[in-house]
Amino acid sequence: VLDLGCGMGGFVKLLRVQGIDGYGVDSDPQCIAEARAHNLPVIEADVVDYLRTLEPASLDAIFSAHMVEHMPYSVVLETIQLAQRALKPGGRLLLVTPNPRALIAHLELYHMHFGHIAMYHPKLLAFFMDYAGFAHTEMGENPHTMAVQVSADSPLRTLPALPFSTSAQS
């Protein structure tokens with residue numbers, strides 16, 4: 001299992017603890033140094049350049065969390081196409097991104113990180129995956145990014161308690 005944009009290797013560590021042969025790729029030398037300090041198998045490289053070097057049908061799965069929103073559309077599409085090429089038949093690609101349908105992602109989470117380029121709607125990513133040749137796509141939302149999960153000082157914390165009404169007022 002390949003973790004694209006692995007950062008300091010947290011997901012790679014989780015995979016290895018579970019006995020899964022996993023490794024990561026990231027272009028940030030400080031993150032790679034930290035992962036290597038914990039004896040995690042990581043490669044310092046641009047993720048797209050690295051995907052280009054992989055043999056076709058050589059991986060069981062590819063995981064990437066919070067990477068594509070740092071990439072322009074054309075690069076995301078190429079990444080998905082290269083991932084599809086690198087996966088064995090039945091292999092899986094899992095992309096985790098900020099939820100563009102969640103108000104909290106727009107107002108609280110997305111803009112707190114430098115380098116974000118675009119919010120990718122799950123249907124757009126599914127379209128890219130279909131275009132790249134994936135046979136089946138699924139979408140889901142993380143229940144942990146709901147308003148009750150944000151910091152106590154956020155005004156969004158009280159969002160579920162707002163008295164909205166769907167009936168017409170006279």
Side-chain angles (χ1 to χ4, degrees), residues 1-12 14-15 22-36 40-146 149-150 154 156:
V1 174
L2 169 59
D3 181 4
L4 284 178
C6 67
M8 294 182 285
F11 186 70
V12 173
L14 288 173
L15 289 171
Y23 71 105
V25 175
D26 202 291
S27 61
D28 185 315
Q30 292 176 325
C31 287
I32 292 296
E34 182 66 24
R36 287 181 178 158
L40 295 172
V42 294
I43 296 167
E44 183 179 343
D46 175 84
V47 295
V48 177
D49 289 343
Y50 181 77
L51 284 171
R52 288 184 186 122
T53 70
L54 292 176
E55 291 293 321
S58 60
L59 295 172
D60 293 315
I62 299 174
F63 171 81
S64 183
H66 298 283
M67 181 185 77
V68 299
E69 63 270 16
H70 296 268
M71 305 164 98
Y73 290 92
S74 60
V75 177
V76 172
L77 178 57
E78 182 180 9
T79 299
I80 291 171
Q81 290 171 317
L82 290 168
Q84 197 279 337
R85 178 185 158 274
L87 289 168
K88 295 176 183 175
R92 306 226 175 187
L93 171 63
L94 177 62
L95 300 175
V96 178
T97 68
N99 183 353
R101 296 179 291 185
L103 184 59
I104 187 171
H106 287 280
L107 299 179
E108 186 77 7
L109 305 174
Y110 184 79
H111 300 288
M112 291 177 67
H113 193 284
F114 61 90
H116 284 157
I117 292 175
M119 288 276 240
Y120 287 93
H121 194 282
K123 288 183 180 180
L124 178 60
L125 292 173
F127 172 78
F128 284 173
M129 293 174 105
D130 289 340
Y131 182 81
F134 283 89
H136 178 74
T137 58
E138 294 180 26
M139 296 171 264
E141 293 186 46
N142 182 350
H144 302 292
T145 59
M146 305 309 289
Q149 300 295 333
V150 300
S154 171
L156 296 176

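Residue numbers run from 1 in the order of the sequence given.
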To the nearest 0.5 Å, tell me how far Asp3 CG sits from Ile43 CD1. 11.5 Å
Before giving the answer on side-chain contact (heavy atoms from CB on, under 4.5 Å), spell out for Leu82 and Arg52 the whole-Å C-alpha distance, their side-chain angles and the decisive distance to 0.1 Å. CA-CA 7 Å; Leu82 290 168; Arg52 288 184 186 122; 3.7 Å; yes
Check against side-chain contact (heavy atoms from CB on, under 4.5 Å), Arg92 and Leu87: CA-CA 7 Å; Arg92 306 226 175 187; Leu87 289 168; 5.8 Å; no
How long is the straight-line distance from CZ of Arg85 back to CG of Leu59, given to the nearest 0.5 Å? 10.5 Å
Trace of the side-chain contact (heavy atoms from CB on, under 4.5 Å) decision for Glu78 with Met71: CA-CA 11 Å; Glu78 182 180 9; Met71 305 164 98; over 6 Å; no
Ring pair (Phe, Tyr, Trp, His ring centres under 6.0 Å) pairs touching residues 44-63, sequence neighbours excluded, are Phe11-Phe63
Starting from the C-alpha separation in whole Å, work towards a yes-or-no answer on side-chain contact (heavy atoms from CB on, under 4.5 Å) for Thr79 and Val75. CA-CA 6 Å; Thr79 299; Val75 177; 4.1 Å; yes
Using every non-hydrogen atom in the two residues, find where Leu15 and Gly22 come nearest and quote the distance to one decimal. CD1-CA, 4.0 Å
Atom CG of Leu95 and atom CG of Leu93: how far apart are they, to the nearest 0.5 Å? 4.0 Å
Specify the closest pair of heavy atoms between Lys88 and Ala57, including all atoms of both residues, with the distance to one decimal. CG-O, 3.2 Å
Between Phe134 and Phe128 (judged by ring centroids, cut-off 6.0 Å), do the two rings come close enough to count as a pair? no
Exercise: identify the closest heavy-atom pair between Gly5 and Val47: N-CG1, 3.5 Å
Enter the distance from Ile80:CD1 to Gln84:CD here, rounded to the nearest 0.5 Å. 11.0 Å
Of all heavy-atom pairs linking Gly7 and Ala35, the shortest is O-CB, 4.5 Å
What's the shortest heavy-atom distance between Leu40 and Met8, and which atoms? CD1-O, 3.8 Å
Check: Cys6 main-chain N/O paired with Asp26 side-chain donor or acceptor under 3.5 Å: yes
Residue pairs meeting side chain to side chain donor-acceptor pair (under 3.5 Å), one or both in residues 127-138, sequence neighbours left out, come to His136-Glu138
Minimal non-hydrogen separation, Ala83 against Leu51, with atom names: N-CD1, 4.3 Å
